[in-house]
A.B. asks: 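To start, I am sharing the structure in question, which I have written as structure tokens.
We use all heavy atoms of the structure for the numbers below, so side chains are in, but hydrogens, waters and symmetry mates are not. Just so it is clear: chains get the letters A, B, ... in the order the sequence lines come, proteins before strands, and each one is counted from 1.
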Number of protein chains: 2
Amino acid sequence: MRGTAICGTNSNMDTAAARTVFPRLDESLLSHLPPFSKLDRQQVRAILDLAVSRRYDAGASVFEEGSPADRFYMLLDGYVRVVRITPTGEQVTALHIPAGQLLGIAKAIGKEAYPATAIAAAESIVLSWPMGLWDKFVADYDGFATETYKTIGNRLGEVNTRVVEMATQQVEQRVANALLRLISQTGRKVSNGIEIDFPITRQDLSELTATTLHTVSRVLSAWEKQGLVQSKRKRITVCDPHALVVLSQV
Amino acid sequence: MRGTAICGTNSNMDTAAARTVFPRLDESLLSHLPPFSKLDRQQVRAILDLAVSRRYDAGASVFEEGSPADRFYMLLDGYVRVVRITPTGEQVTALHIPAGQLLGIAKAIGKEAYPATAIAAAESIVLSWPMGLWDKFVADYDGFATETYKTIGNRLGEVNTRVVEMATQQVEQRVANALLRLISQTGRKVSNGIEIDFPITRQDLSELTATTLHTVSRVLSAWEKQGLVQSKRKRITVCDPHALVVLSQV
DNA sequence: TTCAAACGTTGCGCTGTCGCAAATTACTTA
DNA sequence: TAAGTAATTTGCGACAGCGCAACGTTTGAA
């Protein structure tokens with residue numbers, strides 16, 4: 001999907017507040033996505049006409065923890081990580097959101113403010129709607145609510161899994177699991193394995209696995225020597241997924 | 001067990017917990033609880049007449065991870081902990097549920113099976129309904145859905161907080177936070193402080209804070225010497241909550 | 001081309017926490 | 001009351017992973 005339909009229009013815009021309305025969004029953008037898949041053409045058209053589309057550079061924040069939840073979002077393309085920041089400034093990544101999912105749906109869980117910060121991990125294209133439309137979407141569009149709550153359920157499960165992992169596994173296993181999850185969500189097949197399809201640093205991985213960038217670096221170096229992974233700056237390729245699976249289950 | 005049965009004489013349940021036959025349930029049981037607070041007397045009556053009531057001994061499981069989600073529950077009295085069990089048999093407590101909350105609401109998050117096991121931490125009284133009634137409740141009863149999703153939102157927030165804590169805090173701080181949360185949820189004022197109002201072992205606390213019973217024991221012993229807590233077997237009293245707050249934020 | 005900033009690697013010492021083991025105390029049941 | 005079981009405490013050794021520090025590498029801007 002990267003680079004099709006809606007891309008190429010807007011230039012470098014200010015990450016502050018600028019919103020660009022794209023010429024005309026195509027129905028096919030949404031019609032195959034779970035929350036909208038049961039809708040007919042006209043309904044999707046109506047939804048798209050209410051949407052604002054915007055591009056985010058890698059590292060830009062889509063919304064911030066604690067600020068009033070005035071819009072909800074659909075990640076069309078790219079990758080977003082949801083982070084929380086501790087009083088001491090440490091970042092912890094709660095989960096990753098792949099393209100095709102809703103985010104910032106505070107209203108669905110009865111919140112008036114976003115409970116976490118969403119940061120584009122790669123360049124991303126995001127649709128958004130005013131939160132005021134939420135109830136209308138739920139009421140008018142068949143399957144929207146159901147699919148939304150499935151998404152929330154999955155995220156609850158994911159976070160729960162993180163808790164269990166952090167409680168019971170060693171760093172090496174957590175990193176292995178994190179990599180496996182990343183390649184399953186955004187893996188791109190390359191000659192020597194599966195590459196994570198967005199730039200990711202040792203620091204990012206450490207925030208995802210509750211460790212330090214140093215330890216992640218050491219782990220990856222060791223794996224590279226064994227031929228399990230290959231990595232350049234900000235790029236990681238998993239060459240032997242099965243070996244990681246084995247490692248992660250020790 | 002179908003229909004209008006209001007006693008706990010259903011037979012397809014597993015554990016050895018004794019069952020108590022209740023007299024006709026009173027509307028006041030539910031009318032002040034968030035999911036039902038907007039309903040009138042007749043509606044609450046109708047809901048109660050569909051409910052099955054049951055008592056669980058401490059340690060008995062209300063439902064188990066992976067089994068088909070055929071009922072949803074309301075914890076009337078007592079305290080339930082939600083745990084996940086790893087392949088290697090270790091238990092990790094995901095969250096605690098105080099009286100007055102729904103649990104086992106898999107349907108709300110689009111699941112067909114319970115995603116975790118619920119264990120009564122203290123003797124508990126639980127109402128339940130067949131999951132088939134879920135959609136009816138959502139459709140017929142004003143505020144039921146909204147309040148349910150608030151509950152889910154809060155739990156998501158809670159689990160997220162656990163992740164952040166486990167990622168950034170030392171054992172001592174995690175235990176302090178766990179105790180503070182427990183006394184805020186089920187604290188009972190006693191002469192020398194606030195006691196956690198259900199039996200809780202070092203092992204339980206360790207499963208809640210991702211550590212070992214030994215370490216918890218050491219931490220509590222140290223605190224007891226400093227007069228912050230007092231503990232007997234299965235009983236913990238926090239004498240100086242403020243000191244714990246300070247400790248937890250180092 | 002130069003330079004600075006960001007990212008990554010690696011060695012070393014330290015320590016928080018675990019794991020094991022053994023003893024003690026507190027309940028339960030016969 | 002005694003025996004048995006569950007919960008707790010405590011000491012000690014081991015080590016995974018952290019923190020620090022120094023250095024290497026890549027990138028992009030001037």
A.B. asks: What integer distance in Å separates B:Q170:CD from C:dT17:C1'?
C.D. replies: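 In whole Å, C:dT17 C1' lies 9 Å from B:Q170 CD.
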
A.B. asks: Taking CD from B:E172 and P from C:dT17, how many angstroms apart are they, rounded to a whole number?
C.D. replies: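 Going from B:E172 (CD) to C:dT17 (P), I get 8 Å.
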
A.B. asks: Please give, in whole Å, the distance from D:dT27 C1' to A:K234 NZ?
C.D. replies: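 Computing the A:K234:NZ to D:dT27:C1' distance gives 9 Å.
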
A.B. asks: Whole Å only: how far is the CZ atom of A:R174 from the C1' atom of D:dC18?
C.D. replies: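 Between C1' of D:dC18 and CZ of A:R174: 12 Å.
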
A.B. asks: Whether B:R202 contacts D:dT8 is assessed here as follows: a side-chain N or O lying under 4.0 Å from the phosphate OP1 or OP2. Is that the case?
C.D. replies: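 So the side-chain polar atoms of B:R202 do come within 4.0 Å of the phosphate oxygens OP1 or OP2 of D:dT8, strictly under.
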
A.B. asks: Could you tell me how far apart B:Q169 (CD) and C:dG16 (P) are, to the nearest whole angstrom?
C.D. replies: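 Rounded to the whole Å, the gap is 16 Å.
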
A.B. asks: Would you mind telling me which residue lines up with the more 5' stretch of DNA chain D, B:I200 or A:T212, judged by nearest nucleotide?
C.D. replies: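 The residue closer to the strand's 5' end, by nearest nucleotide, is B:I200.
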
A.B. asks: When you measure from the side-chain N and O atoms of B:T215 to the phosphate of C:dC18, is any distance below 4.0 Å, counting only OP1 and OP2?
C.D. replies: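 Looking at the OP1 and OP2 atoms of C:dC18, one of them is under 4.0 Å from a side-chain N or O of B:T215.
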
A.B. asks: Provide, to the nearest angstrom, the distance between the CG atom belonging to B:L213 and the C1' atom belonging to C:dT17.
C.D. replies: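 About 13 Å, once rounded to whole Å.
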
A.B. asks: Measure from CD on A:Q173 to C1' on D:dA16 and round the result to the nearest Å.
C.D. replies: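 Atom-to-atom, A:Q173 to D:dA16, this comes out as 12 Å.
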
A.B. asks: What I want to check is whether an N or O donor and acceptor connect the side chain of B:R218 with the base of D:dG11 at under 3.5 Å.
C.D. replies: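 Such a pair is found, so the answer is yes.
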
A.B. asks: With distance as the sole criterion, do the side chain of A:H214 and the base of C:dT10 form a donor-acceptor contact below 3.5 Å?
C.D. replies: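 Result: at least one qualifying N/O pair found.
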
A.B. asks: Taking A:S61 for its side chain and A:E64 for its backbone only, find out whether a donor-acceptor pair lies under 3.5 Å.
C.D. replies: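 No: the side chain of A:S61 does not pair with the backbone of A:E64.
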
A.B. asks: Go through the side-chain N and O atoms of A:T86 and A:T88 and say whether any donor and acceptor fall under 3.5 Å apart.
C.D. replies: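 The answer is yes; a qualifying pair exists.
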
A.B. asks: For A:S217, report the nucleic acid contact type (base, sugar-phosphate, nothing); a contact means any heavy atom under 4.0 Å.
C.D. replies: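 A:S217: base contact, heavy atoms under 4.0 Å.
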
A.B. asks: Hey, is A:E165 close enough to A:R181 for a salt bridge, meaning N to O under 4.0 Å?
C.D. replies: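 Salt bridge between A:E165 and A:R181, a charged N being under 4.0 Å from a carboxylate O: yes.
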
A.B. asks: Would you check, one step at a time, whether the test side-chain hydrogen bond (donor to acceptor under 3.5 Å, both in side chains) holds for B:R81 with B:Q91?
C.D. replies: CA-CA 11 Å; B:R81 60 171 192 271; B:Q91 287 199 5; 4.8 Å; no

A.B. asks: Are any of B:S221's side-chain N or O atoms less than 4.0 Å away from OP1 or OP2 of D:dT8?
C.D. replies: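 Result: no.
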
A.B. asks: Looking only at side-chain N and O atoms, does A:T201 come under 4.0 Å of OP1 or OP2 in C:dC7?
C.D. replies: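 So the side chain of A:T201 is outside the cut-off, no N or O lying under 4.0 Å from OP1 or OP2 of C:dC7.
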
A.B. asks: Give a yes/no on whether any side-chain N or O of B:Q203 is located under 4.0 angstrom from OP1 or OP2 of D:dA7.
C.D. replies: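 For B:Q203, the contact criterion (side-chain N or O under 4.0 Å from OP1 or OP2 of D:dA7) is not met.
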
A.B. asks: I want to confirm an ordering. Mapping A:R233 and A:K225 to their closest nucleotides on DNA chain C, which one lands closer to the 5' end?
C.D. replies: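 Checking each residue's closest nucleotide, the 5'-ward one belongs to A:R233.
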
A.B. asks: Do A:R71's NZ or CZ and the ring of A:Y73 fall within the cation-pi criteria of under 6.0 Å and 45°?
C.D. replies: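 So A:R71 doesn't make the cation-pi contact.
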
A.B. asks: Could you tell me how far apart A:I236 (CD1) and C:dC7 (P) are, to the nearest whole angstrom?
C.D. replies: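 Atom CD1 in A:I236 sits about 13 Å away from atom P in C:dC7.
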
